[in-house]
Amino acid sequence: MTTMPLEPLDVRMIPPGVRHATIFGIIERLAPGDAFSIVNDHDPAPLWRQIDARYPGAFSWTYIVQGPQIWQVEIGRTEAALGAEHAADCGGHGDGHSCTCGN
C-alpha cells in the first residue's frame with residue numbers, strides 16, 4: 001500500500017448509525033494501492049463482509065491488532081480495483097431501482 005494516514009480512524013467516536021457509511025465514503029475515494037486503518041472496540045468482521053459483498057476483490061483487509069479490547073484493521077484498495085466498483089449487485093443503477101452503493 002502506498003499511503004496511510006499517521007493516525008488511524010477511531011470509529012468508536014462515530015455514531016453507530018453512520019459508522020459504516022462514513023467508512024464506505026472513505027474507501028470509495030481510495031486510489032488503487034492506497035490504504036487507511038480503523039480502530040474499533042470489537043472485531044469489525046461484519047464490515048469486511050459488507051465491503052467484500054459490495055466490491056468483490058477490490059479491497060484488502062489486514063488485521064494489525066486483534067483484540068480483545070482494541071481491534072485495528074488496515075483497509076486497502078487493490079490494484080485490481082479499477083472498474084470493479086459495481087461488480088456487486090447494489091440494487092440500483094437503472095430500471096427505476098434506487099442505488100444503495102452511493103455511486
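Keep in mind that what you see is a predicted model, and the values were worked out from it rather than measured.
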> Which of these, Trp61, Tyr63, Tyr55, sits in a ring-ring contact (aromatic ring centres under 6.0 Å, His included) with Trp48?
Replying inline: Trp61

> Who are the salt bridge (Lys or Arg N to Asp or Glu O under 4.0 Å) partners of Asp10, not counting sequence neighbours?
Replying inline: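 Applying salt bridge (Lys or Arg N to Asp or Glu O under 4.0 Å) to Asp10 gives Arg12.
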
> Ile70 and Val73: same hydrophobic cluster, using ILVMFWY side-chain contacts below 4.5 Å?
Replying inline: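 No; tracing contacts between hydrophobic side chains, which count when under 4.5 Å, never links both residues.
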
>> Is there a path of hydrophobic side-chain contacts, each under 4.5 Å between heavy atoms, that joins Val18 and Phe36?
In response: yes

Between [atom1] on residue [X] and [atom2] on residue [Y], distance to nearest 0.5 Å:
X     : Y     : atom1 : atom2 : value
His42 : Gln69 : NE2   : CD    : 14.5 Å
Met13 : Thr22 : CE    : OG1   : 14.0 Å
Ile38 : Ile14 : CD1   : CD1   : 9.0 Å

>> Under the criterion side-chain contact (heavy atoms from CB on, under 4.5 Å), I'd like the reasoning laid out for Arg49 against Arg54: C-alpha separation, chi angles, the key distance, then a yes or no.
In response: CA-CA 9 Å; Arg49 288 190 293 275; Arg54 194 176 286 187; over 6 Å; no

Can you see which heavy atom on [X] is nearest to which on [Y], and at what distance?
X     : Y     : answer
Phe24 : Gln50 : CE1-OE1, 3.7 Å
Asp52 : Gly57 : OD1-N, 3.5 Å
Ser60 : Thr78 : N-CG2, 3.9 Å

>> As a quick check of understanding, evaluate side-chain contact (heavy atoms from CB on, under 4.5 Å) for Val39 and Val11, giving each step before the final call.
In response: CA-CA 6 Å; Val39 172; Val11 299; over 6 Å; no

> Which is it for Arg19 and Asn40 under the side-chain contact (heavy atoms from CB on, under 4.5 Å) test, yes or no, and what are the steps along the way?
Replying inline: CA-CA 11 Å; Arg19 196 172 287 170; Asn40 205 355; 4.1 Å; yes

>> Would the distance check show the side chain of Arg77 and the main-chain N or O of Asp34 forming a donor-acceptor pair, the cut-off being under 3.5 Å?
In response: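 Checked: no pair found.
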
>> By the definition side-chain contact (heavy atoms from CB on, under 4.5 Å), identify the one residue from Leu9, Val65, Ile64, Ile75 that meets it with Ser37.
In response: Ile64

